[in-house]
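This report refers to the structure that appears directly beneath it.
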Amino acid sequence: MSEGESSPEFKAIQAKPPFFKYLAQTWQRLPFAAYLAWYQVFTANARTKVGLGWVVLRPLLNAGVYGIIFGLLLGNSRPENYISFLITGVFLFEFFASTLKGGAVAVIHNESLIKTISFPRLALPLSTVIREFINIAFVLLVLIVLLVLMPVRHEGHWQLANTVTPSWFLIIPIMAVYILFCFGIASFCARLTVHFRDFTSFLPFIQRLMMYGSGVIFALENLLSEYQTALDILRLNPVHSFLALARGAFLTEYPVLTQDWIVILVATAIVLPVGVVYFWRGEQIYGRSE
């Protein structure tokens, strides 16, 4: 190949392609996005002694800290089988929080790559979601093992271990929709940060607000039982609905509500196309020096 001649695998996109062609080009770069995701997974903790173990240890430690503090503060307001309730919420919320944070910096932290190789930039937030999916896959395995071995209280009696039921398989469609929802969030935030880099400074506050407003460490129904309007509004939070459905899948004392399915499906049907279209419309500005 002569000097100055671009590789056919990464043919330069001189102008923003039509939307559906852009999606097809991004799909063709899926192996590239997956490779980038795996590389980031293995290098993120490469210099630590625990290594990839931090993928699981981090949410475990978070759950332990929240369990000690809020387990005491909540008192009689603790949800039934609080430990199982807590680790399910913390482990699954970690996926949303990490995708939000990683998506926000997907473009601005890869500007040298953008200037070196021509590819659909949507592959960057896609790579973020793939990376966090790899992480959540390890976390979900640990979560399932913990839930199986965790003593639970059911109908007033303690059981030495949780019972695996067919409802556990509901976690598959729940996670499928969750991934699409988070991809929309990551795509939207990736472009937003290009225009407003201070957005990354607000992320810790947004994550904390979402954690408290999603019922990660406590049951909103218990704390807001006297504030029905506030409770109804917070139940429209799709992250709360994802967590509620996951708890309903794994824990028999928590119902799987049709309302939560409607909330996550409607939210994903809005967030995914809005996020991807918003990102696509800025395709030509990524990597440019301001």
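Note: hydrogens, waters and symmetry copies are ignored here, and every other heavy atom, side chains too, is used. When a residue number appears, it is its place in the shown sequence, counting from 1.
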Spell out, yes or no, whether Phe218 and Ile68 are grouped together once hydrophobic residues are joined by side-chain heavy atoms under 4.5 Å, including indirect joins. no
At their closest point, which heavy atom of Leu113 faces which heavy atom of Phe32, and how far apart are they? CD2-CZ, 4.0 Å
When you measure from the side chain of Glu283 to the backbone N and O of Pro120, does any donor-acceptor pair fall under 3.5 Å? no
Test side-chain contact (heavy atoms from CB on, under 4.5 Å) on Thr193 and Val107; report intermediate values, then the result. CA-CA 8 Å; Thr193 312; Val107 172; over 6 Å; no
Which atom pairs, one a donor and one an acceptor, fall under 3.5 Å between side chains of residues 201-214 and the rest of the protein, sequence neighbours left out?
residue, atom, partner, partner atom, Å
Gln207, NE2, Ala97, O, 2.9
Ser214, OG, Met210, O, 2.5
Ser214, OG, Asn237, ND2, 2.8

Does atom CD of Glu226 have more than 12 heavy-atom neighbours from other groups under 6.0 Å away? no
With hydrophobic residues grouped by side-chain heavy-atom distances under 4.5 Å, do Val129 and Val277 end up in a single group? yes
Value for CG (Leu236) from CD1 (Ile262), rounded to nearest 0.5 Å, stands at 11.0 Å
So, Tyr254 side chain and Ala249 main chain: donor-acceptor pair closer than 3.5 Å or not? no
Minimal heavy-atom distance between Ser241 and Ile264, with the atoms involved, is CB-CG2, 3.5 Å
Are Trp38 and Leu30 in one and the same hydrophobic cluster, where Ile, Leu, Val, Met, Phe, Trp and Tyr link if side-chain heavy atoms are under 4.5 Å apart? yes
State, to 0.1 Å, how close Thr128 and Ala106 come at their nearest heavy-atom pair, and which atoms those are. OG1-CB, 3.8 Å
Mind listing the closest non-hydrogen atom pair of Pro59 and Val139 along with its distance? CG-CG2, 4.2 Å
Just so I know, are the side chains of Phe250 and Leu170 near enough to count as touching, which here means a heavy-atom distance under 4.5 Å? no
Scanning both residues in full, the closest heavy-atom pair of Ala63 with Leu86 reads O-CD2, 3.1 Å
Would you say Phe20 has more than 12 foreign heavy atoms packed within less than 6.0 Å of its CZ? no
Looking at side-chain heavy atoms only, is the closest gap between Leu147 and Trp168 below 4.5 Å? yes
Side chains of Leu245 and Trp261: closer than 4.5 Å at any heavy-atom pair? yes
Just so I know, are the side chains of Val263 and Arg235 near enough to count as touching, which here means a heavy-atom distance under 4.5 Å? no
Output the distance between atom CG (Leu36) and atom CZ (Arg29), rounded to the nearest 0.5 Å. 14.0 Å
Between the CG atom in Asp260 and the CG atom in Leu265, the distance rounded to the nearest 0.5 Å is 10.5 Å
Kindly compute the distance separating OG1 (Thr99) from CD (Glu94), expressed to the nearest 0.5 Å. 9.5 Å
Roughly how far, to the nearest 0.5 Å, is CH2 of Trp27 from OH of Tyr22? 15.5 Å
Quick one: list whatever passes side chain to side chain donor-acceptor pair (under 3.5 Å) with Ser127, sequence neighbours left out. none
Rounded to the nearest 0.5 angstrom, the CD-CD distance for Glu253 and Glu80 is 5.5 Å
Does some side-chain heavy atom of Leu60 sit less than 4.5 Å from a side-chain heavy atom of Leu146? yes
List, one per line, each side-chain donor-acceptor pair under 3.5 Å for residues 175-191, sequence neighbours excluded.
residue, atom, partner, partner atom, Å
Tyr178, OH, Leu92, O, 2.9
Ser187, OG, Phe183, O, 2.8
Arg191, NE, His195, NE2, 3.1
Arg191, NH1, Tyr278, O, 2.7

Test Phe95 against Asn135 for side-chain contact (heavy atoms from CB on, under 4.5 Å), laying out the working first. CA-CA 8 Å; Phe95 178 70; Asn135 289 337; over 6 Å; no
Is Ile83 atom CD1 crowded by more than 12 heavy atoms from other residues, nucleotides or ligands, each under 6.0 Å away? no
Taking every heavy atom of Pro125 against every heavy atom of Arg121, the minimum-distance pair comes out as CD-O, 3.3 Å
With a 4.5 Å heavy-atom cut-off, do Leu126 and Thr26 have their side chains touching? yes
Treat each ILVMFWY residue as a node, draw an edge where side-chain heavy atoms are under 4.5 Å apart, and state whether Phe85 and Leu257 are in one component. no
With a 4.5 Å heavy-atom cut-off, do Phe19 and Pro273 have their side chains touching? no
Please examine the side chains of Ile87 and Val90, heavy atoms only from C-beta on, and report whether any two atoms are closer than 4.5 Å. no
side-chain contact (heavy atoms from CB on, under 4.5 Å) evaluation trace for Ile217 with Ile69: CA-CA 10 Å; Ile217 51 184; Ile69 296 175; over 6 Å; no
Shared hydrophobic cluster, Ile117 / Leu124 (ILVMFWY, side-chain heavy atoms < 4.5 Å): yes
Do Arg197 and Glu111 meet the salt-bridge criterion of a basic N to acidic O distance under 4.0 Å? yes
Could you tell me how the ring of Phe96 sits relative to the ring of Phe93: parallel (under 30°), tilted (30 to 60°) or perpendicular (over 60°)? tilted
Got a donor-acceptor contact below 3.5 angstrom from the Tyr286 side chain to the Phe279 backbone? yes
Is there a side-chain contact (heavy atoms from CB on, under 4.5 Å) between Trp280 and Leu122 once you walk through the steps? CA-CA 7 Å; Trp280 162 71; Leu122 188 62; over 6 Å; no
Any side-chain to backbone donor/acceptor pair from Arg131 onto Val41? Under 3.5 Å, distance only. no
